[in-house]
Amino acid sequence: MPIALVDCNNFYVSCERVFNPKLEGVPVVVLSNNDGVAVSRSNEVKALGIKMAEPWFKMEKIAKQHGIIALSSNYTLYGDLSARVMSILSTFSPKQEIYSIDECFLDLNGFDPKTLMDYGMTIRQTVKRNVGIPVCVGIADTKTLAKLANHCAKKGFAGRNGVCDFGRGTEEQLSKLFSRIPVGDIWGVGRKITDKLLTMSIKTVEDLRTADPERIHAQFSVVLGRTVSELNGVPCIELEDAGTPRQQIMVSRSFGATVTALEDLSESVAEFTIRAAEKLRQDGSVAASICVYIYTNPHREDEPQYQQSKIVPLSQPSDDTTKLVNAAIAGLKAIYRSGYHYKKTGVLLMGLQPKGSIQPTLFDDPVEQAKSDSLMSVMDAINHKMGQGSVGILASGIKQQWAMRRENKSQNYTTDWDELPVVS
DNA sequence: ATGCTCCTGCGAA
DNA sequence: CTAACGTTCGCAGGAGCAT
């Protein structure tokens, strides 16, 4: 029954520190795409009161005062280190669910409950030694409780060794602990639900755990009802096996600078469609339609606002970059209006299904289909080997005035021969 | 009344 | 120097539509 939730500490910052020891012990933030907001904070930065998702320009002053080092995000590096961490963690359980780039669940069913604390310590030490990333481990009988146990481990609520096993606590101890944790710290309880719970005087984890399940179900949703059950040790959320392909694929970006010309927007939409199509083929799926979005900057209240989207169905489900780009550009032309300062575009591939499942229609030309498949394979192979964007299609442009800002990105230490760290 | 699909809101990392 | 506020995914539930 026990489940472990292993979560990397301040993951992006920890990744940067692996290759740059000077970042150790000093305040470091990693910023989102476009150097927009804080997405990962070192403990020193958290201590300065800087919140998650705080915009960089709002903290710049305090950053200068305290010598905060702000880095642009380097997803190539984080993705690579994540794969290494996950691979090590997979050896600790027959069943692993990778939940996000920096955390996974491990099924510990059948392990001796008395040994789980030690097992958690071994997990921490192994990951730290082999990849250099610090992690915390939470152990409990449901996913929701394991998340909460991990939260306690991180906060040092149950000892300071980075492992927390609710199975080691008595009913009374847990109840006391839960009374100290705000209800909003629970997995699945966000801001809106927290606010509504507060009006019902449900303030802590313990308040929600002991609430009337019928009432919670009725006033909120089945989801929160399940959360209450899980808090009481009744599993409602299964460990998911990997390999279920995604149902939709989104690629969108804010621009470094605003853009007005249809031509520039087209380039960005083409570029994002190319990236989306790569992901689609990686999943072995085809898309039935593609949705294009364009936005002005909603934070500029002094400027005229415009946002629009359009869904373009494909004549038949496809994973062909060329067809997808043509559809996306057609959609863009339909919704584009001149005179606005555009800040962001995006594409969404919808109606995804496994490629093998589609039925050829009368209009299918098998020769054309084979040509398309082999062209896409060659393109993917070259881009994989030589780096993203080595081979594309002309439509995505080479000027890329809309490219995002990344003023302080670290190097691709682990994935690019030209950027290997120099050992002195 | 029933069963779809589409769209929006919410949460999470 | 300026201006500057993320991205991607799933689920639930309601709206809208067809039957």
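When reading the values below, keep in mind they use all heavy atoms of this one structure, side chains included, and skip hydrogens, waters and symmetry mates. All values reported here derive from a predicted model rather than from experimental measurement. Numbers restart at 1 for each chain; the letters A, B, ... are given by sequence-line order, proteins then strands.
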How close or far is atom [atom2] of [N] from atom [atom1] of [X], stated in whole angstroms?
| X | N | atom1 | atom2 | answer |
| --- | --- | --- | --- | --- |
| A:Leu348 | C:dC9 | CG | P | 8 Å |
| A:Gln307 | B:dC7 | CD | P | 14 Å |
| A:Lys61 | C:dA4 | NZ | C1' | 17 Å |
| A:Met250 | B:dC7 | CE | P | 13 Å |
| A:Leu224 | C:dG13 | CG | C1' | 15 Å |
| A:Met350 | C:dC11 | CE | P | 16 Å |
| A:Lys192 | C:dC11 | NZ | C1' | 18 Å |

Looking at [options], which one has an atom nearest to any side-chain atom of [X]?
| X | options | value |
| --- | --- | --- |
| A:Ser221 | C:dG13, C:dT7, C:dC9 | C:dG13 |
| A:Asn297 | B:dA13, C:dT7, C:dC5 | C:dC5 |
| A:Val223 | C:dT7, C:dA12, B:dA13 | C:dA12 |
| A:Arg300 | C:dA3, C:dC9, C:dG13 | C:dA3 |
| A:Phe57 | C:dA4, C:dC9, C:dT7 | C:dA4 |
| A:Trp187 | B:dC10, C:dC11, B:dA13 | B:dA13 |
| A:Glu60 | C:dC9, B:dC7, C:dA4 | C:dA4 |
| A:Val37 | B:dC7, C:dC5, C:dG10 | C:dC5 |
| A:Arg226 | B:dA13, C:dT8, C:dA12 | C:dA12 |
| A:Tyr99 | B:dA12, B:dG11, C:dA12 | B:dA12 |

If you measure only the distance, is there a donor-acceptor pair under 3.5 Å linking the side chains of [X] and [Y]?
| X | Y | value |
| --- | --- | --- |
| A:Ser42 | A:Asn10 | no |
| A:Arg84 | A:Thr414 | no |
| A:Thr76 | A:Thr415 | no |

What nucleic acid atoms does [X] come within less than 4.0 Å of, heavy atoms only: base, sugar-phosphate, or nothing?
| X | value |
| --- | --- |
| A:Asn34 | nothing |
| A:Ile101 | nothing |
| A:Leu31 | nothing |
| A:Asp35 | nothing |
| A:Ile98 | nothing |

Quiz prompt | C:dC5 to B:dA13 separation - P atoms, rounded to the nearest Å | solution =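 One P to the other, the span is 25 Å.
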
May I ask you to verify if any side-chain N or O of [X] is less than 4.0 angstrom from the OP1 or OP2 atom of [N]?
| X | N | value |
| --- | --- | --- |
| A:Ser252 | C:dT8 | yes |
| A:Ser254 | C:dG6 | yes |
| A:Lys344 | C:dC5 | no |
| A:Lys147 | B:dA12 | no |

Self-check item: Whether A:Gln248 side chain and A:Leu349 backbone form a donor-acceptor pair below 3.5 Å
Solution: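 No.
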
Quiz item: Does A:Asn74 reach the main-chain N or O of A:Ser410 with its side chain, forming a donor-acceptor pair under 3.5 Å?
Solution: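 Yes, because the side chain of A:Asn74 sits within donor-acceptor range (under 3.5 Å) of the backbone of A:Ser410.
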
Quiz prompt | Lys/Arg N to Asp/Glu carboxylate O, A:Lys176 vs A:Glu206, below 4.0 Å | solution =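 No salt bridge links A:Lys176 with A:Glu206.
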
